[in-house]
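In what follows, a single structure is set out as structure tokens and then discussed.
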Amino acid sequence: MTDDSTTEAEPRPEDTEHDQIASAPEALTGGDDESDGAEGSAIDDDDDDAGHDEADIAADYIEDLLDICDLDGDIEIEERAGRVYLSVTDSGDSLRVLSKPDTVTALQELTRIAVQSETGEFSRLILDVGGSRDVRASELSSLVETAIERIEAGSPTASLPPMSSYERKLVHDLVSERGFHSESEGEGRDRHTVVTR
């Protein structure tokens, strides 16, 4: 796994060396955070309190949204390495309309904005609606598998489609687990992961 803080590569006008892997629907983006690398391993009490505030504000925002939409859902909050993970679940399928990839992305950004307006701090929370996070993780795993198959078939590199820093980190982890190497290239919305041996 390569940390995303390495020097940015210039976007290529044409992809002559890379085999572009087809994109799966994008969901659950983590925003353009500053790094794909591992999150900090420890947080102090002040950061912990801030995390609880962020989680409570986000949960209230989502709860109000569900009320407006007249939808039922249970909200679960988890904190890992200072990052808030908010999951909205339901025993039925009433959340189906909100669990579409583009909808989850939009809701996550709106929730982050709501938190930031209350705390004055940038939010990096991750939102999951109706299991959308697991679905996206499965899609990323399939993309990585296809990239590795291309490399094993003789291609020197394989490029994945642009995605958020959060998703790129998941990809780096998946690639590393398979014993291959990956790094991020490009800038802004074009930033993507390249897999090599």
(request) Give a yes or no on whether the backbone of Arg124 and the side-chain of Arg83 come within a donor-acceptor separation of less than 3.5 Å. (result) yes
(message) What I'd like to find out is whether the side chain of Leu140 reaches to under 4.5 Å of the side chain of Met163, using heavy atoms alone.
(response) yes
(message) With heavy-atom distances below 4.5 Å as the criterion, would you say the side chains of Arg112 and Leu125 are in contact?
(response) yes
(message) Could you see if Phe122 belongs to whatever hydrophobic cluster contains Ile113? Use Ile, Leu, Val, Met, Phe, Trp, Tyr and a side-chain cutoff under 4.5 Å.
(response) no
(message) Just so I know, are the side chains of Thr103 and Val97 near enough to count as touching, which here means a heavy-atom distance under 4.5 Å?
(response) no
(message) List the residues meeting side chain to side chain donor-acceptor pair (under 3.5 Å) with Ser87, not counting sequence neighbours, and say none if there are none.
(response) Arg133
(message) Looking at Glu167 and Arg136, is there a salt bridge between them, counting it only when a charged N and a carboxylate O are closer than 4.0 Å?
(response) yes
(request) Indicate yes or no: at least one non-hydrogen side-chain atom of Leu98 is less than 4.5 angstrom from one of Val104. (result) no
(request) Might you work through the side-chain contact (heavy atoms from CB on, under 4.5 Å) test for Thr157 and Ile151, ending with a clear yes or no? (result) CA-CA 6 Å; Thr157 61; Ile151 292 172; 5.9 Å; no
(message) Just to verify, what does Ser138 make a side chain to side chain contact (heavy atoms under 4.5 Å, CB included) with, not counting sequence neighbours?
(response) none
(request) Specify the closest pair of heavy atoms between Val194 and Ser159, including all atoms of both residues, with the distance to one decimal. (result) CG2-OG, 3.7 Å
(request) Determine the minimum heavy-atom distance between Leu107 and Thr111, stating which atoms define it. (result) O-OG1, 2.7 Å
(message) The criterion is side chain to side chain donor-acceptor pair (under 3.5 Å); which residues satisfy it with Arg178, sequence neighbours excluded?
(response) Glu145
(request) Please name the pair of heavy atoms, one in Leu86 and one in Ala55, separated by the smallest distance, quoted to 0.1 Å. (result) CD1-O, 4.4 Å
(request) Mind checking the CD-OG spacing from Glu149 to Ser155? Nearest 0.5 Å is all I need. (result) 12.5 Å
(request) Taking the side chain as every heavy atom from C-beta outward, state whether Thr196 and His181 have any pair of such atoms under 4.5 Å apart. (result) yes
(request) Taking Ser132 for its side chain and Asp128 for its backbone only, find out whether a donor-acceptor pair lies under 3.5 Å. (result) no
(request) May I ask you to test the Glu54-Glu79 pair for a side-chain heavy-atom distance under 4.5 Å? (result) no
(request) Mind listing the closest non-hydrogen atom pair of His172 and Ser184 along with its distance? (result) NE2-OG, 3.2 Å
(request) Not counting sequence neighbours, which residues clear side chain to side chain donor-acceptor pair (under 3.5 Å) with Gln116? List them please. (result) none
(message) My understanding is that only residues two or more places apart in sequence, or in another chain, count here; which of them pass side chain to side chain contact (heavy atoms under 4.5 Å, CB included) with Glu121?
(response) Thr119
Would you give me the side-chain donor-acceptor pairs under 3.5 Å for residues 57-78, sequence neighbours excluded?
from: Glu78; atom 1: OE1; to: Arg80; atom 2: NH1; distance (Å): 3.3
from: Glu78; atom 1: OE2; to: Arg80; atom 2: NH1; distance (Å): 3.0

(request) May I ask whether Val135 and Val129 are part of the same hydrophobic cluster, defined by side-chain heavy atoms of I, L, V, M, F, W, Y residues being less than 4.5 angstrom apart, directly or through others? (result) no
(message) Could you tell me if the side chain of Val144 sits less than 4.5 Å from the side chain of Val195, heavy atoms only?
(response) no
(message) If you define the side chain from C-beta out and look only at heavy atoms, does anything of Pro162 sit under 4.5 Å from Arg191?
(response) no
(request) Hey, could you give me the CD/OG distance between Glu177 and Ser141, rounded to the nearest 0.5 Å? (result) 9.0 Å
(request) Over all heavy atoms of both residues, which pair between Leu95 and Gly130 is shortest? Give the atoms and the distance, please. (result) CD1-N, 4.3 Å
